Amino acid sequence: MRVRVSDWDSMHPQKEIAQIVVSALQSAIAAEDLPRVGDVTATVERPKNSDHGDYSTSLALTLASSMRMAPRDIASKIADAVSPSSLVCDVSIAGPGFINFKLDDGWLRSQVNVIRESGVEFAHLDVGAGQKVQVEFVSVNPTGPLHIGHVRGAAIGNGIANILEAAGYDVQREYYVNDAGNQMRIFSESVYVRFMQAQGKDMELPAESYPGEFVAELGKDLYGEFGNDLDGMSAHGVMSVIGPQALSKTLENIRSTLGRMGIEYDEWFSEQSLISGDDFDNSLDLLKERGYVSEREGALWFLGTKMGLESDSVIIRSEERGPSYFGTDIAYHYNKFVKRGFERVINVWGADHHGHIARMKAVVDSLGVDPDNLTIIINQIVNFKKGDETVRFNKRKDNFIAADDLLDAVGPDACHYIFLERTPGTHMEFDLELAKKETSENPVFYVQYAHARLCAILRSAAERKIAFEDGDVSLLTNAHELALMRRLNELPDVIARSAEMLEPHHMPHFAYEVARELQRFYEACRVISSDPADAELTKARLLLVDAARIVLAGTLNIMGMNAPERM
RNA sequence: GCGCUUGUAGCUCAGUGGAUAGAGCGCAGCCCUGCGAAGGCUGAGGUCGUGGGUUCAAAUCCCGCCAAGCGCGCCA
């Protein structure tokens, strides 16, 4: 028999209990209390109803048919075989055959000290085992500032990267800069026309152009900087000077917006470098070698149909023989997997690119890389709501709202929280008024307020010169104290699940639950007491408050948010 | 037409094939001589879009249908 617990390697309660279940099952079988079975996966979940304990497994129900026994009988054999541990104080059988586990109060209390000693790292895992993972996100064309729709991808990509880091992966954050191809040429031409207009020349934008204000300003600025030096130069010459300048200014604009969100990239990867270097040629050679390329109608095609796709796609266009966007994307993924050796790549894309997923997976496959190593996360577009009115934006018409406007209006923290709170697949509605509200209607505020309140208590203790380092956690016996400790110790489970499923939305939900448990505790348990008889209890509760502060701040930080000490 | 995504409380959203489907907001009511009331407690509110199927067990998996969003280029 082979028993699989899960893929997790490091210590957290859920996984510990899964191991307890597996050992119990194995020893019950060894003792011939239960029949032998084939492969078994032991899943331990957190029951919805807290009356059912802290953790629960339906293993007995799953085994019932293969063991030809009543589920409750199997459950009781497993439960009897559970060996004692400091983690669990009670194992019981309930319902049709669930085995429920209750965490030991003493263990929960000891964790207060563990959290205070190790900081939020107490919840960090080694499931990633240092595996090289790349998270590529935002990657908006550098032809203008980010708009509000891009902020969701930024929050999600950054959140996933932070979570994977906490789970022990070696994470690289990357922005793919589309600085080659058609779009870039049109951008350069638009900037050039605006540049000439700033000079007073009567010139009109070509049919294909970026008519926006941003490009107009860019042309004006560049004229201010370079106008005199470029006098009398050919159009081509001028463009070759101001084109790259316009690009770097635009990238600087994007970088600064992301910087406001606290997002820093390890690499801004140039599309052009794939062509000027040898990645494009090498990836093409590899595909040719493996038989996935053919020439037809003057163009070079990727034979997607050979991989089960509906159609083939152009790699090199017939007319000017330039690589298509898809062509360079092949080279880009070749570079990621083959050249740079990422074991796993996660791309966060907007919903308008979902048609590209199957193609990209097929490309990776045909390059000889397991397509499962490429995960593409699609975030649906966002509707913004102001009161009852839906705010529409449209890039073509240039009436889009800049990401910076959103950050000005509601702040980076609210953006992180609200975008992370919903799963990427929801066609979500962002309520602008709510995000701004400084009341408990707004979960962002509720959570940050809870943290500020903890800090206020600790400040107050400091002012009263209460030293609590030597406090005794065994005095923490109140139901609200225990409920809070239970919650704090979920963080490793939450990180494990978020990392495994690549689902950042568990983080804000957890942060909210911590804040709520905290407010209940605060309401029920006076922390700093003026009664000398309570001096020891005060110290113990301050230890708990400090541990809660560490967990809440750590959670917010993983979400890319600040944990304010005052508000 | 084809493909992808979504459909759960009045609204915004969670929900790992499992136990009585949850939370927030909103609504009704209640609670503070002290650490931050920017808070806490209680209650009402559901044909899980719809029709079949698989299963000991389905909001969850499979198929059909309906509705919404997005995409189907030698654009990126």
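Quick caveat: nothing in here was measured; it's all calculated off a predicted structure. Just so it is clear: chains get the letters A, B, ... in the order the sequence lines come, proteins before strands, and each one is counted from 1.
- The backbone N or O of Gly298(A) sits nowhere less than 3.5 Å from a side-chain atom of Ser318(A) that would complete a donor-acceptor pair.
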Reading nucleotides 12-18 of chain B from 5' to 3' and marking B where a protein heavy atom lies under 4.0 Å of the base, S where only the sugar-phosphate is that close, and - otherwise, the string is SSSSB-B

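- Taking the C1' atom of each, G17(B) and C31(B) are spaced 42 Å apart, rounded to whole Å.
- Of the two residues near RNA chain B, His356(A) and Ile528(A), the one whose nearest nucleotide lies more 5' is Ile528(A).
- Look at the P atom in both U16(B) and A76(B): the space between them is 39 Å, to the nearest Å.
- Applying the salt bridge (charged side-chain N to carboxylate O under 4.0 Å, His left out) test to every pair with at least one member in residues 531-545 of chain A, sequence neighbours left out, gives these pairs: Asp470(A)-Lys539(A), Glu481(A)-Arg541(A), Glu536(A)-Lys539(A).
- In this structure, Glu297(A) reaches the bases: a heavy-atom distance under 4.0 Å links it to at least one base atom across the strands shown.
- Here the separation of C75(B) from C61(B), taken at their C1' atoms, is 39 Å to the nearest Å.
- Taking side-chain N and O atoms only, Tyr522(A) has no distance below 4.0 Å to OP1 or OP2 of C41(B).
- Rounded to whole Å, the distance from CE on Met184(A) to P on A76(B) is 13 Å.
- To the nearest angstrom, P of C35(B) lies 16 Å from CG of Asp531(A).
- Leu552(A) and Ala450(A) make their closest contact through CD2-CB, 4.1 Å (heavy atoms, listed as atom of the first residue, atom of the second, distance).
- Of all non-hydrogen atoms in Ala331(A) and Ser283(A), the two that sit nearest each other are CA-OG, 3.5 Å.
- Going from the P atom of G52(B) to that of G15(B) covers 27 Å, rounded to whole Å.
- Contacts of Ala461(A) with the nucleic acid, taken as non-hydrogen atoms under 4.0 Å apart, are absent.
- The CD1 atom of Ile357(A) sits 10 Å away from the C1' atom of U5(B) (whole-angstrom rounding).
- Residues in residues 293-306 of chain A take part in these salt bridge (charged side-chain N to carboxylate O under 4.0 Å, His left out) pairs, two or more places apart or across chains: Arg296(A)-Asp312(A).
- Remark: Arg317(A) is in phosphate contact with A76(B), judged by side-chain N or O atoms under 4.0 Å from OP1 or OP2.
- The environment of CD in Glu429(A) is crowded: more than 12 heavy-atom neighbours from other residues, nucleotides or ligands sit within 6.0 Å.
- Here the separation of A38(B) from G26(B), taken at their P atoms, is 15 Å to the nearest Å.
- With C1' as the reference atom, G24(B) and G45(B) are 14 Å apart, rounded to whole Å.
- Ring centroid separation for the pair Tyr175(A) and Phe137(A) does not come in under the 6.0 Å cut-off.
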Could you pull out the protein-nucleic contacts involving nucleotides 61-63 of chain B (nitrogen or oxygen on both sides, under 3.5 Å)?
none

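- In this structure, Leu537(A) atom CG and C35(B) atom P are separated by 17 Å, rounded to whole Å.
- The side chain to side chain contact (heavy atoms under 4.5 Å, CB included) search around Asp431(A) returns Lys385(A), Glu433(A), Leu434(A), not counting sequence neighbours.
- The distance between atom CE of Met69(A) and atom P of C56(B), rounded to the nearest whole Å, is 18 Å.
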Could I get a table of every N or O pair under 3.5 Å where one atom is in the protein and the other is in nucleotides 23-32 of chain B?
{"residue": "G24(B)", "atom": "OP1", "partner": "Arg516(A)", "partner atom": "NH1", "Å": "3.0"}

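- Using a cut-off of 4.0 Å between Lys/Arg side-chain N and Asp/Glu carboxylate O, Glu523(A) and Arg520(A) are scored as not salt-bridged.
- For the ring-ring contact (aromatic ring centres under 6.0 Å, His included) condition, the pairs that include at least one residue of residues 299-325 of chain A, sequence neighbours left out, are Phe302(A)-Phe326(A), Tyr325(A)-His356(A).
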The dot-bracket string of RNA chain B, counting Watson-Crick and G-U wobble pairs with both distances under 3.5 Å, using [ ] for crossing pairs and | for pairs to another strand, is (((((((..((((....[...)))).(((((.......))))).....(((((..]....))))))))))))....

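- Rounded to whole Å, atom P of C11(B) lies 24 Å from atom NZ of Lys386(A).
- A perpendicular orientation is assigned to the rings of His505(A) and His509(A), their planes being inclined by more than 60° (bins at 30° and 60°).
- Glu463(A) comes within contact range of no nucleotide atom at all, as no heavy-atom separation falls under 4.0 Å.
- Aromatic rings from Phe430(A) and Phe419(A) are positioned such that their centres are separated by under 6.0 Å.
- At a threshold of 4.0 angstrom between heavy atoms, the contacts of Ala452(A) include nucleobase atoms, whether or not backbone atoms are also involved.
- Nearest nucleotide to the side chain of Asp352(A), out of C2(B), C74(B), G71(B): G71(B).
- By the salt bridge (charged side-chain N to carboxylate O under 4.0 Å, His left out) test, Glu136(A) is found to be paired with Lys336(A), residues two or more places apart in sequence or in another chain being considered.
- Heavy atoms of Ala351(A) sit under 4.0 angstrom from primed sugar atoms or phosphate atoms, though from no base atom.
- With sequence neighbours excluded, the residues forming a side chain to side chain contact (heavy atoms under 4.5 Å, CB included) with His506(A) are Val494(A), Arg497(A), Ser498(A), Glu503(A), listed by chain and number.
- A gap of 8 Å separates the P atoms of A14(B) and G7(B), to the nearest Å.
- Comparing Arg464(A) and Thr439(A) by the nucleotide of RNA chain B whose heavy atom lies nearest to each, the residue mapping closer to the 5' end is Arg464(A).
- For the pair Tyr449(A) OH and A37(B) C1', the computed distance is 7 Å after rounding to whole Å.
- The NE2-P distance, from His52(A) to A21(B), rounds to 12 Å in whole Å.
- Contact annotation for Asp312(A): no contact, since no heavy-atom pair falls under 4.0 Å across all strands.
- Only the C1' atoms considered, U6(B) is 15 Å distant from U50(B), to the nearest whole Å.
- No hydrogens or angles were tested; on distance alone, nothing pairs the side chain of His353(A) with the base of G71(B) as donor and acceptor under 3.5 Å.
- Residue pairs meeting the salt bridge (charged side-chain N to carboxylate O under 4.0 Å, His left out) criterion with at least one member in residues 52-75 of chain A, sequence neighbours excluded: Asp54(A)-Arg486(A).
- The residue Cys525(A) sits close to a base: some heavy atom pair falls under 4.0 Å.
- Counting any heavy atom pair closer than 4.0 Å across all strands shown, Arg359(A) reaches a base atom.
- Between the base of A68(B) and the side chain of Asn383(A) there is no donor-acceptor pair shorter than 3.5 Å.
- Atom CD of Gln14(A) and atom CD of Glu45(A) lie 8.5 Å apart (nearest 0.5 Å).
- Sorted by first then second residue, the salt bridge (charged side-chain N to carboxylate O under 4.0 Å, His left out) pairs that include residues 438-460 of chain A, not counting sequence neighbours, are Lys437(A)-Glu441(A).
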